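Notes for the one structure printed next.
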Amino acid sequence: IDIDRFKQVNDGLGMSAGDTILLTLARRIIRLTKPQDTLARLGGDQFGLILLSETEPARIAAFAEAVKAAIRAPITFAKREIILTASLGLVSWTSVQATGEDLVKDAELAVFQAKRFGGDRIEPFRPAFRSVGSDRLQLESDLRRAVERNELSIVYQPIVQLSDMTVAGFEALLRWEHPRRGSIPPVEFIPLAEGCNIIGQLGQFAMSQAAAQLSLWQKTTGNSTVFMSVNLSSRQILRRDLVQEVRNILANSQVAKGTFKLELTESAVMENPEQAVFILDKIRSMGIGLSLDDFGTGHSSLAYLSRFPFDLLKIDKTFLHDESPKKFVLLKSMINMAHELGLKVVVEGIETDRDALQLRQLHCEFAQSYLFGEPMSAENALRLLREQNTAAVRA
Ligand code: C2E
Ligand code: MG
Ligand code: MG
């Protein structure tokens, strides 16, 4: 049994208050046990319980629920009401676990899994947790520290306007330089961050860095139309404070109106459509652009295109890899459909100039691919914008 976010209690109320609260919690748990059961504090905010009084799986589950509920009940402290939750791991003794240590280790893996799913949760141990392994555990704890240690950075990939081949904007992409493992790609660490609840922190880092850069670029180049697009994970849409966070970032950075955009994938929106509509409408009303990312991968539900306030469609790069001549049939209809719904289109991953030309003839507005520029440092992005400015003046 591990209390969720207990550090906040210690930080906010002080250690002695933290101790008092731990005692309260311990008393609540012990009240649920019988004489043959054992409760111990294993360390910090972690308790271990050996339950001998129940053997029926259903009754064990009910007991765990009771523990969870007992912890969740509000605690009155210094005229304040504090609500804490816990993550519980359940493991039953089998002859496979040779020692007590093995049993505790498995229980801890289950607790860890419960935390990864957001806490306030009971997770029965499964052998698969072992292969999720210490490697992953290590990486997750490294990721928690990566922000403070400045190991995370943002690179910017140009989004080019096909009609005149100028840079219209950039997508901000997170990078993690691990001190021992070297660079770890976002497809690996973003899911990790989503699983252990630090995606909010990473997302905020990406948004505030990107907004600050955009503001700087707009001021130093005088280009007030260049836009910035930042990826948003599904977990971030579920956070209630996202709207306020975005509002603060906009207020602090003072980017030109309508030049800050957020990107979401279909699956992110579909995880909780009602909540997503609610949040996205609010974000849209602040003048922030919304792009539907990776369109065409996974289960595309066209209904979502009209139901959500998107203004830009990003067609996934898999369509461009397609060698068959029919690929333009699909691209053409997607582009037309987007236009009829009032959306502009970015095609990702264009590999040849011929394809770019074809897409331009289909009135696709933008392209983003290695062909037109790889993700680059902020300095190089600014240089690119400056060069473009000078070229425009000369022309
Ligand atoms: P995405 O949002 O679809 O970003 C585009 C990805 O395609 C980037 O990969 C980019 O480097 C890559 N790409 C661009 N042009 C080409 C091309 O011509 N060919 C090929 N093969 N690939 C190209 P990257 O940077 O590895 O990012 C992967 C994914 O990680 C992103 O996909 C996005 O879903 C996620 N991601 C990156 N940064 C963030 C972030 O700050 N927050 C969240 N939630 N997700 C992020
Ligand atoms: Mg994206
Ligand atoms: Mg994409």
Side-chain angles (χ1 to χ4, degrees), residues 143 146-147 151-160 162 167 169-177 182-214 227-239 242 245-246 249 260-269 271 276 289-298 300 310-322 334 338 345-356 359 366-378 380-381:
L143 187 54
V147 183
E151 291 164 16
L152 291 171
S153 61
I154 313 278
V155 288
Y156 303 89
Q157 186 175 31
I159 297 174
V160 169
L162 282 169
V167 175
F170 292 86
E171 176 173 4
L173 297 159
L174 265 173
R175 292 290 177 265
W176 180 17
E177 194 61 30
S183 64
I184 298 177
V187 289
E188 273 180 42
F189 72 81
I190 297 288
L192 212 61
E194 286 175 337
C196 65
N197 264 345
I198 49 175
I199 189 66
Q201 215 182 332
L202 295 200
Q204 183 153 31
F205 172 77
M207 285 191 290
S208 56
Q209 291 271 314
Q213 286 299 337
L214 180 64
F227 65 80
M228 180 70 78
S229 197
V230 183
N231 293 285
L232 208 58
S233 125
S234 61
R235 282 294 132 94
Q236 286 172 273
I237 318 175
L238 299 181
R239 285 158 51 101
L242 177 70
E245 243 174 63
V246 173
I249 285 165
F260 195 70
K261 298 177 190 290
L262 293 171
E263 304 193 355
L264 298 100
T265 61
E266 288 160 287
S267 50
V269 170
E271 234 172 73
L290 288 171
S291 309
L292 185 56
D293 203 359
D294 301 348
F295 184 75
T297 62
S300 304
F310 291 111
D311 57 278
L312 195 67
L313 186 71
K314 298 189 80 170
I315 297 179
D316 193 72
K317 45 186 170 280
T318 48
F319 287 95
L320 272 290
H321 288 323
D322 187 348
M334 284 190 279
V345 180
V346 180
V347 172
E348 296 185 288
I350 298 178
E351 281 168 7
T352 66
D353 286 322
R354 258 187 66 214
D355 283 359
L359 284 163
F366 306 107
Q368 178 183 351
S369 81
Y370 296 157
L371 184 68
F372 300 119
E374 297 199 7
M376 58 184 83
S377 68
N380 287 342

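Nothing here was measured: the structure is a model prediction, and the numbers come from that model. One-based numbering along the sequence shown. First listed ligand is number 1; within each ligand, the first listed atom is number 1.
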Next on the checklist: Please report, to 10°, the angle around the Mg ion (ligand 2) from atom OE2 (Glu171) across to atom OE1 (Glu263).
Outcome noted: 90°

Checklist entry - Just wondering, is there an N, O or S atom on Asp294 that's nearer than 2.8 Å to the Mg ion (ligand 3)? => result yes

Contact between [X] and [Y] at the side-chain level, heavy atoms closer than 4.5 Å - yes or no?
X: Glu171; Y: Ser291; result: no
X: Val345; Y: Phe295; result: no
X: Leu214; Y: Phe170; result: no
X: Met228; Y: Tyr156; result: yes

Checklist entry - the Mg ion (ligand 3) as vertex, arms to OE1 of Glu348 and OD1 of Asp293: angle to 10°? => result 100°

Check each heavy atom of [X] against ligand 1 and say whether those closer than 4.0 Å belong to the side chain, the backbone, both or neither.
X: Glu374; answer: neither
X: Lys314; answer: neither
X: Asp294; answer: side chain

So between [options], whose heavy atom ends up nearest [atom]?
atom: atom 17 (C) of ligand 1; options: Tyr370, Phe295, Phe189, Phe372; value: Tyr370
atom: atom 2 (O) of ligand 1; options: Asp293, Leu264, Leu174, Leu152; value: Asp293
atom: atom 42 (N) of ligand 1; options: Asn231, Leu320, Leu173, Val230; value: Asn231

Next on the checklist: Quick check on atom 32 (O) of ligand 1 - does any protein heavy atom sit closer than 4.0 Å to it?
Outcome noted: no

Checklist entry - Protein heavy-atom contact under 4.0 Å for atom 9 (O) of ligand 1? => result no

Checklist outcome for this item: Note: ligand 1 atoms sitting under 4.0 Å from heavy atoms of Gln157 are 10 (C), 14 (C), 15 (N)

Next on the checklist: Show me which atoms of ligand 1 lie under 4.0 Å from any heavy atom of Pro375.
Outcome noted: 11 (O)

Is there a polar contact between ligand 1 and [X], counting only N or O atoms under 3.5 Å apart?
X: Gln236; value: no
X: His321; value: no
X: Ser369; value: no

Checklist entry - Would you say the side-chain atoms of Asp311 pair up with the backbone N or O of Leu290, donor to acceptor, closer than 3.5 Å? => result yes

Item to check | Any donor-acceptor pair under 3.5 Å from Gln157 side chain to Gly373 backbone | outcome: yes

Checklist entry - Any N/O/S of Ser291 under 2.8 Å from the Mg ion (ligand 2)? => result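 Checking Ser291: none of its N, O or S atoms is under 2.8 Å.
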
Distance to 0.1 Å, residue and atom name: give those for the protein heavy atom nearest to [atom].
atom: atom 5 (C) of ligand 1; result: Glu348 OE2, 3.7 Å
atom: atom 30 (O) of ligand 1; result: Pro186 CB, 3.4 Å
atom: atom 21 (N) of ligand 1; result: Lys317 CD, 3.8 Å

Checklist entry - Does Glu194 have a heavy atom less than 4.0 Å from any atom of ligand 1? => result no

Next on the checklist: When you measure from the heavy atoms of Gly349 to every atom of ligand 1, does any distance fall below 4.0 Å?
Outcome noted: yes

Item to check | Given Ser183, Ser153, Ser377, Pro185, the one that forms side chain to side chain contact (heavy atoms under 4.5 Å, CB included) with Arg175 | outcome: Ser153

Checklist entry - To the nearest 0.5 Å, how far apart are CD in Gln213 and OG in Ser208? => result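 OG of Ser208 is found 10.5 Å from CD of Gln213.
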
